[in-house]
S.K.: 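Below you'll find the structure I mean.
Both ligands and their constituent atoms are indexed starting at 1 by order of listing. What you see is a predicted model; the values in this text were computed from it and never measured.
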Amino acid sequence: MTVQTATQPDPTRKIIEECKRETQIRYKSKGNTFFRARMRGVNSIQVGKSKIIDSPLTITLEWIFQKYRRLRKARRRFAAELFPRHPELPVGHRDSRLVGRIVFAGDRGQGPPIHNLHLEFWGRTYWFAWRKISEGRTDAKGYFALPFPLRAARNLSMRSLSLEIQKTTRVYFKDDAPHFHCDLFKAIPVAKSDLIGLDYNLRTIPLDYWLYDPSAVTPRAVVDDSGSPETYSQGREDALIEQVIPLEITKIKHLKQIELAPDTLTVEDIENDYPLNLTRCIEKRLPDYARGYTRGDDWFGERMMNGMNRGSFVPDAARPGHYWIRYFGVCWYDVNDLYALPDVAILFKLKDDGLPIPLEIRLTGQLSRSDHDPFHTRVFSPADGDAWLQTKRVARVTGAFCTEVEEHFAGTHLNTEQYAVAAYRNLRLNPVAGLLLPHLKEVSLINHTADKELIGGYIPTASALTRAGLQQRTRDILSLQDWRGWRPMEAISPAHTCAKAESLFWDVLGEYVDEFFRRHEDGIKRHWGEIQRFADDLVTHSVPVFLTAPQDAPPPDPRYQELAAKRLNCYSQQYGFDPHLPRETIHGELKTVSRITTASTYGAAPPLDWQNLKEACRYIIMQATYMHTWINEHQYDDLGEVRYSCGGLRFGDRPSGIMAPESDNDIAPDLTRSTQMLWFTNFLSRTEYGFITRNEERDVDPLLIRLLEERREKFKALEVDIDAIESRINI
Ligand SMILES: [Fe+2]
């Protein structure tokens, strides 16, 4: 046995640090080789067999198609250069007007008005030259009136006329200020012969522009597979495709082998085909006498505190230095009968080094098929030997399920999308668009894919909840997310690096948002009307506060009522949510998202609204960047070894149920779920693009990058690499 002195590094610690470095995700382009396999884009990703292109003939055809597309783009560019669009307006008396109104398309043809949309009225001559005839924008009620000289529009040389409605597609920073790039959204032809002077009325124009999806249970955008209302940037598509192909080939190989000769494949074979993850790396490197460290109490506590889960520690009222972490299992959601998901309560004590060590774990609910009492609690402690090992695994699994479904998907993806839809619908001239949109782009697209592949695909087949159960649960978690009063997690010891790094990033954002508001004060105040519309959409479409709507209520059994109260209490701490804050009631629903302002002009707004807007912006950026990155980055660390942790353990047929050793194949995920899980966690953790400091698309404010760079070493000391923090949610 090796005796360690205080000056010697602990060999296990050294191995852990080496493995963290070795399994760290790095994005490197491997370059383009002609016959490498390809995919068509993010929409081609499927949990089964993605639409991969690997035959030489298809690759060649795809290459020809790509060349054709490039040629078409080049032709358009050439045409644009040959027939430039000059911005000058025609001279002469503006004796006519193009008038009308633009609204969001609604159920019965009319939705709310769209304000501040940029409009251009263009003519094209018989020799294809462009002539700008007029320009302007819609007013607060969606009306527009573009004055133009009738002679210019009816000129004999004019072949066609059209009204072009533009949308903001991109924000970029130049000279430390945000600039907006607009593209054509819709062109409406105008018949030359109809222009006879005075006003020409195009009447009400309903636009399918960032519409709320009426069939969704949370505030979501209508997204179709052709890429409306936004599209991924080319860089994001390229990065994903390049990184996902090797993983895709591995998964397809496994699925084929499972179909043809399942006996030739084991969970371990599957793991060995994917990149090494943190826990497997540590076990591989440990000397024989230390094997099993990743199943031990120290590692369990360390990962619950500073791993993917970033557990929420609730102090034990009676014992100082003792804390509880709770993960809620099936609760009252719709479940299948294949997988277990009991409630877990873990009692920790802080060690001298500030890391937690588990003293007791309580499992409540069904552990086997023969269990029928959902409120039966069993208590386990380290004295229970093998049962303690099994209990820790069950705790890891419920914890991983909750982290992925609740914190990751509902807390960051769905939460951010509700701000994205409201921002894209309303922020156009206000500088706040420049502050927020770079962090909100693409989330609606990735959520659309997640609906099909995760919530409607993989998770219901790999865990206890059905698709309906998952939809209800994610909606319930969204009903606990509000910008008002949110604070990062408080560190409970010097070793609580995850909470300390979170606070450090929150400080950076506080400084950044303050400075941004100082720099753009005039513009933010001048276009305050957009903030009011943004706030209106947020509140109106917000889900009702947790448990307040009759349809979201728990079953009447008092034990469920007690469980509901316990959940509200725990979640309130975990998500920084104060259920007692005054909130708005609309159509009988107590809305979760607090209102930023009711005033349509800054002059009419109380001073507190300025602070509200700053707080909301800081919160939105925090969720879309740091909070999402944390879980996304660590998925493969904590969910990259099938028998160690997964989304659900199967009941099996024995009375012991899920209280069985890791080697029990009836309990562990089956082969198909195993390869899908490793494919998912790899693909989600490793196919990233859009980092703050790399600023690939020049859409991150240099000020934010500077503030982060100034704290690079502080973050590093907390094991956070600032270069790995994503600027948006796109995976
Ligand atoms: Fe994600």
Side-chain angles (χ1 to χ4, degrees), residues 25 27 41-43 45-47 50 218-221 223 230 232-233 236-237 239-241 243-244 247 277 307-310 399-421 438-459 462-463 470-471 473-475 477-478 481 498 502 505 575 619-640 645-647 676-692 720 724-731:
I25 298 151
Y27 169 53
V42 184
N43 281 333
I45 300 285
Q46 286 179 13
V47 68
S50 302
T218 61
R220 303 286 302 273
V223 175
E230 57 176 339
Y232 287 108
S233 68
R236 202 287 158 270
E237 292 266 19
L240 180 123
I241 290 164
Q243 294 162 82
V244 85
L247 304 172
N277 91 315
M308 175 186 87
N309 293 25
R310 51 178 291 287
F401 173 87
C402 292
T403 305
E404 287 289 20
V405 170
E406 299 183 342
E407 293 225 9
H408 182 188
F409 190 65
T412 65
H413 280 250
L414 293 181
N415 191 14
T416 301
E417 185 172 352
Q418 65 179 333
Y419 292 101
V421 188
H439 304 292
L440 297 176
K441 67 183 187 187
E442 298 173 353
V443 66
S444 61
L445 299 176
I446 198 66
N447 287 359
H448 179 66
T449 303
D451 283 341
K452 284 189 295 181
E453 300 306 321
L454 274 172
I455 300 298
Y458 171 72
I459 304 178
S463 74
L470 287 163
Q471 277 189 340
R473 187 165 186 141
T474 49
R475 175 184 149 95
I477 297 301
L478 192 66
Q481 317 294 328
C498 151
E502 208 170 290
F505 195 85
Y575 295 111
Y619 169 83
I620 295 165
I621 303 171
M622 184 78 185
Q623 303 307 317
T625 58
Y626 192 84
M627 301 303 284
H628 175 258
T629 299
W630 182 270
I631 301 172
N632 219 49
E633 273 280 295
H634 291 93
Q635 285 175 107
Y636 197 53
D637 292 346
D638 293 287
L639 274 169
S645 185
C646 57
Q676 286 173 336
M677 175 183 121
L678 295 189
W679 174 80
F680 250 125
T681 49
N682 255 289
F683 143 57
L684 296 179
S685 292
R686 286 171 187 269
T687 61
E688 294 166 30
Y689 174 86
F691 296 94
I692 293 177
V720 171
I725 304 174
E726 296 152 71
S727 66
R728 61 191 195 254
I729 299 179
N730 58 18
I731 195 67

S.K.: Quick check for you: to the nearest 0.5 Å, what is the distance between R728 atom CZ and T625 atom OG1?
M.R.: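 Separation between the atoms: 12.5 Å.
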S.K.: Restricting to non-hydrogen atoms, name the atom on A450 and the atom on F409 that form the minimum distance, rounded to 0.1 Å.
M.R.: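 Minimum heavy-atom contact is CB-CE1, 3.6 Å.
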S.K.: Which residues pass the side chain to side chain contact (heavy atoms under 4.5 Å, CB included) test with N277, sequence neighbours left out?
M.R.: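 Applying side chain to side chain contact (heavy atoms under 4.5 Å, CB included) to N277 gives T279, R280, Y636, E641.
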S.K.: Tell me, please, which residues at least two apart from Y419 pass ring pair (Phe, Tyr, Trp, His ring centres under 6.0 Å).
M.R.: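 Scan of Y419 (ring pair (Phe, Tyr, Trp, His ring centres under 6.0 Å), adjacent residues dropped) gives none.
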S.K.: Could you tell me which residues satisfy side chain to side chain donor-acceptor pair (under 3.5 Å) with Q481, sequence neighbours excluded, listed by chain and number?
M.R.: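 In terms of side chain to side chain donor-acceptor pair (under 3.5 Å), with neighbours along the sequence ignored, Q481 is linked to no residue.
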S.K.: In terms of relative ring orientation, are F680 and Y458 parallel, tilted or perpendicular, with 30° and 60° separating the classes?
M.R.: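 Geometry flag for Y458 against F680: tilted rings.
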S.K.: For the Fe ion (ligand 1), report each protein N, O or S atom nearer than 2.8 Å, sorted by chain and then by residue number.
M.R.: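 Under 2.8 Å from the Fe ion (ligand 1) - ignoring waters, which are not counted - the protein N, O or S atoms are H408 NE2, H413 NE2, H628 NE2, I731 O.
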